[in-house]
Structures are given as C-alpha cells and as structure tokens.
Amino acid sequence: MILIAAFYLFATLVIASAVMVIFARNPVHSVMWLILAFFNAAGLMLLVGAEFIAMLLVIVYVGAVAVLFLFVVMMLDIDFAELRAGFVRYMPLGALVAVILAAELIFALGAWSAGKIDLAARAAPVVTDKSNIQQIGELLYTRYIFLFEAAGIVLLVAMIGAIVLTHRQRGGVRIQNISEQNKRRPEDATRMVDPGVGQGVEL
Amino acid sequence: MTADLMLIWPELILTIGGLVTLMLGTFAGDRQVGLYQVSALLTLAAAAAAVVALFGVETTVFSGTLSVDGFGGFAKLLIYAASFVCIIIAPRFFGGGMRAEYPTLILFAALGMGIMASSRDLMTLYVGLELNSLAAYVLASFMRTDERSSEAGLKYFVLGALASGMLLYGISLLYGFTGTTDFAGIATVLGGELNIGLIFGIVFVLAGLGFKISAVPFHMWTPDVYEGAPTPVTTFFATAPKVAAMALMTRVVIDAMGPAVGAWQQIVIFLSLASIILGAVGAIGQKNIKRLLAYSSINNVGFMLVGLAAGTPQGVEGVLTYLLVYMLTTLGAFLVVLQLRDADGNQVESIPALAGLSQRRPGLAAAMAVFLFSLAGIPPLFGFWPKYLVFEAAVNANLLPLAVAGIVASVIGAFYYIAIIKTMYFDDKSDTEIPAGGGAIVEDAVITASALWLSVIGYLFIPLLAVLSASAAAVLF
C-alpha cells in the first residue's frame, strides 16, 4: 500500500516537474525543475530496488550534470522577447507534432499495459542475493566489456572534437619558463643607485 | 576473452593506429603531414589485411554482442578503402590548414563504422553509430573559420542528435517488449504475435537509421551538409558512412526483424520510393555540383532500398554489389570535383562554370561523363549492373509495381546527369577558367582506375563479385 502510494507520488512529481521544465519561462527555473525531476526519478529507482542507480542519479545528474546546465544557462545571453517572437508563427506545426507524439506515447503505453512482457527472456536474469553494484559490475566487465571499451573511445573522440573545434594558438601569451627564471641573477633585475639631493631617480 | 580478442584484430589495429596517429600529430606537429598520413594509411591497410585474414570465420564474440562474419568483412573492406582515399586527398585540399586530427578522426570513424557493420546487438549498434557520428560532426566543421563548414557541422549535429533520439526511443521500445537487445532474441519474439509496441519500436528504429542513410523523408540535412563540408569530408560522408549505415540497416532488417516482414517491408518500400523520386526531382534545379551529388546519393540510396525491400538473399546480394559500385562511382565523381580549381586555386563548385570543360580538361570531362552516366545507370557502363540486380530481386519477390516505379523515376534522374554532361560538352565556355593540369598523380590514378573499371572492365569481375556478395549475404539467412 505504501509502495503504491509512494510510486504515484514520485511518478506524478516526475511528470509534473518535467512539464514545468518545458513551460518555465526562465531557463534557470527550468533547470531547477529538472533537478526536482531527477530526484523523483531516483525515488522511483529506489522503489524497484535499484538503489545504486538511484544514488548515481542524485550524485551524477543532480550533482554534476544539472549544475553544469545551470552554469551554461547563466552564461548564455538569451533574449526572451526574441525567443517568443516566432512562437505564434510556428504554433500550429509545433502543436501538430506534439499531438502526434502524445498519441504515439498513449498508444505505446496502452499496448504495454495490454501485452505481456516475458521477463524470463531477459539477457541477464535477476540474481537477488547479490548487491546492485556487484550485478552491474559483473555485466559491465564481462558481457559488455567490448561496449564499455568502445564507449571509452567515443569519449576520446568527443574530447578530440572539442579541442579541434575550439583550440587556437594565441599570440602574446607569457608562458612560465622555469629554467629562464632560475637563471636570472639579482644583478639583472635590481640596480643600486645613489641619487644626489634634489636630482631624483631615473627609472 | 583472449580468443575473442584474436577475432577483432581490425578493431584493435584501428584503435591503436588512431592513437599512434594522434600522438605523432601532437609530438611531431601538424606540419609533419607525411608522417601522420603514412601512419593513418598503414593502419587502414593493416586493418583491411586483418579483415581479409579473418574471411571464412563466422562466429560471435564477447557474449554475442559483436559478430565476426563475411557480411561485416565485405562492408569493412569497402569502408576502409573509402577512408583510405579520403585521407590521401586531404592535404592538397586543406593546404596549410591540414591537421593531424583529420586522419585520426577518420580512423576512429572507420572503427565506429566497422562496429556498426558487425553489430548483432542493439547496444553495439548504438555505440558504433555514435562513434562514427561524433567523428563525422567534427569533420564536417573541420574548417572552423569557414562559415559554411561550421554551419554544416552544427546542422549535422542537431539533426544527428534528433535521429539518435528517435533511434534510442525505438530501441527502448524493442527492448521493453522483447526483453532483450540481442538481434537473434528480438527475431524470436517478433516471430510470434506482433503488438503495437513492437511495431512502434520497428518504426522508430528504421526512422533513426533512415536519417543515417539519408533516405527521404529523413534526408533534409544531406544537401546542406554535403555543400558546406570541406570536399574531402563530403567525399567521406557520401561513401564510407553510407556503406556502414546501409550494411547496418540490412543487418537489422534481416537479422533482427526478419520474421516480421509485413511490418518493416512497407516502411522500406515507402522510404525507397520516396528517396528515388525526391532524389531525382530535387536534383533538377541545383546549381552547385556538391548539392547535386547529395541528391544523387539520396536517389541511389532509394535504389539500394529496392533490393532490401525484397528481403531475399538475392536482394541483399544486390544491395552489397550496389554499395561497391556506388562507392567507386561517388569517390570518382567527388575526386573530379576536387580537381576543379580556377586560376587562383579556389575550388569551383557551380555547375554553369563547368561549361566548356571538355575542351580545357578533356580527360577530366570524359571521366566525369563516365561517372555520371554510371550513376544514372545507363547500360554500357557498370552502374547499370547493380540496378539490374536490385530490380531483378524485387521482381522475383513479387514487388513488380515497386520495380516499375523505380525504373520510371530513374529516367527522371537521368535527365539531370545528362544535363551536366551537356554543360561540359556542348555549352559555350564559361568565364571561370579551369586551368589544365596541376592534379596530383595519386588522385589522377584513382580517377582513371575507377573510370576504367566502371566503363568496361567491371563486367569481367561479375563472377567474382557474385561469389563475394553471395557468401556475404548468406551469413544473414
């Protein structure tokens, strides 16, 4: 009973905050709603017994991804008036696409509740005497090891891509040169002067 | 595990070679073009040799996530060959702007495409696809100071991300309703009763893959990206990823969705007809040769899908032969485009500027005529043969109306190919001077070889091609 109540609470809040992500006028508010959605999704994960994924959602998505979003959104200089200008013009098309997507989702959900899923056909049968982390780790480093490594290459390519597209050589940069600095003697840098009265110092 | 590693030599070689090339570029500097070029080319050659050495092996590795077989081998050889040529032609085009990341990204893209072509699990499919796509987005905007190139990269990225989203939605539906991501497991479930969730999964997966092969109605990025990207990169986009995505689509459709013919066949037929017709009609008004070749590639993808729609071993053989011939023709055509420079050394891309090319550069014009006639599928040239194969497969699979519609639309397509040939041979000289000579020997050799192969010699290879494509196609059935 309490499980069902908790499920409906979390599920309703996920959907409601996801809707608010889209409808919030201020992008910063959108990110806040997104964080709420992540939290509730983590709650849903807890309910199905995937506590590790629940913690990951909180640590990685809320802790890192959402904060990063927040940084980017705050740095962007967004002109809201301009954003809203095209709204009426694209409204019919947008509404049509939205209706189609909504209909598809409803169909899919209806079918899901009608049809039966044969859970016995799962690639990895659920082993209850092991913890979440152990189960995920065993799958990741045995069955899916090739994909795991390939995903590493994908990240490498993303890194190379970011450097290719943004890195440039700047002129006039003072780079620290330790041997030059150590070679510098006091005589090169300082000068002893003995100015006469009223003559001042020439720098 | 070690035994599995011995069967993925091509992937291992490409990964290590890519890292070595990257390091060479970093430590020797971007000016040492020869050094990292050679390293990248050697890597591709070694990977191709490994593929050849593995011919005849037919098994799955890493708990069935990856398959090692003749079908993947055939596709990988084509992919590596196209990547090889695209690396060779780059330094001359980029000049001082050449950087070591270009061959590196091509190598990693080739790795991703190899994974795509030999995937037999929805997750492998997605990882391979993303590896290839990410490298491709960066390559499209490789000339980042050029406005068109950056625009092409951004467009490709946004639409590619949309396509990935659709594909993932489809994958999640298929996984949710079948309980597995394994192609064989999905096929078992699809053999039973189909529910609407499975059908939605099939539709979304095919839509996501349709983006990658640029089939209508998911083609809209193609002309803009092909026009904006640097020409060597466009050459790459038009050849290797097309082969990989088409091989992947064939594998998904036959291997995973095979039993649900009724569900996917009508989608493939629709994609095929729409691509053939829109590819032919859309090309007519184009003034830019790269845009025109983009529409030509959409049109040709439509013809390949005719073979796929048949869903028979004969149809898949037709698709594979088509891929080989299409790849050679397109490589040749883009290499010709690469040779077109005006007196100042700027690239010429407008079609009216080609007027009178036959007098200034007779050899180049003749080669271009061969490629265009071959793309149009006019009989004495070899481009006719794969078209004949796919239509024959479609007729044998009782898809006569599709074959008839395709043939009618190919006549429309022939119009714009012949219009370019008319411009080159019969129009008055244009103001843009395209001086003779100056072509690199390697590029001229590739153009000559592919033009000769497509004109007559190709027919001598039909028995060999038939054996190769039949053994590759047999893997899927």
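Throughout, protein chains are lettered first and strands after them, A, B, ... in sequence-line order, and every chain is numbered starting at 1.
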Out of B/Phe142, B/Phe108, B/Tyr126, which one racks up the most heavy-atom pairs below 4.5 Å with chain A?
B/Phe108

For B/Phe157, does the CZ atom have more than 12 heavy-atom neighbours from other residues, nucleotides or ligands under 6.0 Å away?
no

Nearest-0.5 Å distance that lies between atom CZ in A/Phe146 and atom CG in B/Asp4:
10.5 Å

When the 4.5 angstrom heavy-atom criterion is applied to B/Thr188 and chain A, the contacting part is neither

Could you tell me which portion of B/Asn132 (side chain, backbone, both or neither) has an atom closer than 4.5 angstrom to a non-hydrogen atom of chain A?
neither

For the pair B/Arg144 (side chain) and A/Val164 (backbone), establish whether a donor and an acceptor sit closer than 3.5 Å, ignoring hydrogens and angles.
yes

Mind checking whether B/Phe62 and A/Arg143 have side chains closer than 4.5 Å, heavy atoms only?
no

Passing candidate, side-chain contact (heavy atoms from CB on, under 4.5 Å) with B/Leu134, options A/Leu156, A/Ile153, A/Ile160, A/Val154
A/Val154

Out of curiosity, A/Leu165 CG to B/Tyr137 OH, how far, rounded to the nearest 0.5 Å?
13.0 Å

With a 4.5 angstrom heavy-atom cut-off, is it the side chain or the backbone of B/Leu66 that approaches chain A, or both, or neither?
side chain

B/Phe93 CZ: over 12 foreign heavy atoms closer than 6.0 Å:
yes

At a 4.5 Å cut-off on heavy atoms, which part of B/Thr65 comes close to chain A: side chain, backbone, both, or neither?
side chain

How far apart are the closest heavy atoms of B/Val138 and A/Gly161, and which atoms are they?
CG2-CA, 3.5 Å

Please flag which part of B/Leu198 lies under 4.5 Å from any non-hydrogen atom of chain A: side chain, backbone, both or neither.
neither

Please classify the contact of B/Leu139 with chain A as side chain, backbone, both or neither, using a heavy-atom distance under 4.5 Å.
neither

Could you check whether atom OH of A/Tyr61 has more than 12 heavy atoms from other residues, nucleotides or ligands sitting under 6.0 Å from it?
no

Please determine whether the number of non-hydrogen atoms from other residues, nucleotides or ligands lying under 6.0 Å from atom CD of A/Gln181 exceeds 12.
yes

Taking side chain as everything from C-beta outward and backbone as N, CA, C, O, which of these in B/Thr104 sits under 4.5 Å from a heavy atom of chain A? Side chain, backbone, both or neither.
side chain

Atom pair CG/CD of B/Leu12 and A/Glu149 - distance to nearest 0.5 Å
10.0 Å

Nearest heavy atoms of B/Ser63 and A/Thr142, plus distance in Å:
OG-O, 4.3 Å

Tell me, for B/Ile199 versus chain A, whether the close heavy atoms (under 4.5 Å) come from the side chain, the backbone, both or neither.
neither

What do you reckon, is CD of B/Glu147 surrounded by more than 12 foreign heavy atoms closer than 6.0 Å?
no

If one checks every heavy atom of B/Leu111 against chain A at 4.5 Å, the contacting part turns out to be side chain

Would you say CZ of B/Arg148 has more than 12 non-hydrogen atoms from neighbouring residues, nucleotides or ligands within 6.0 angstrom?
yes

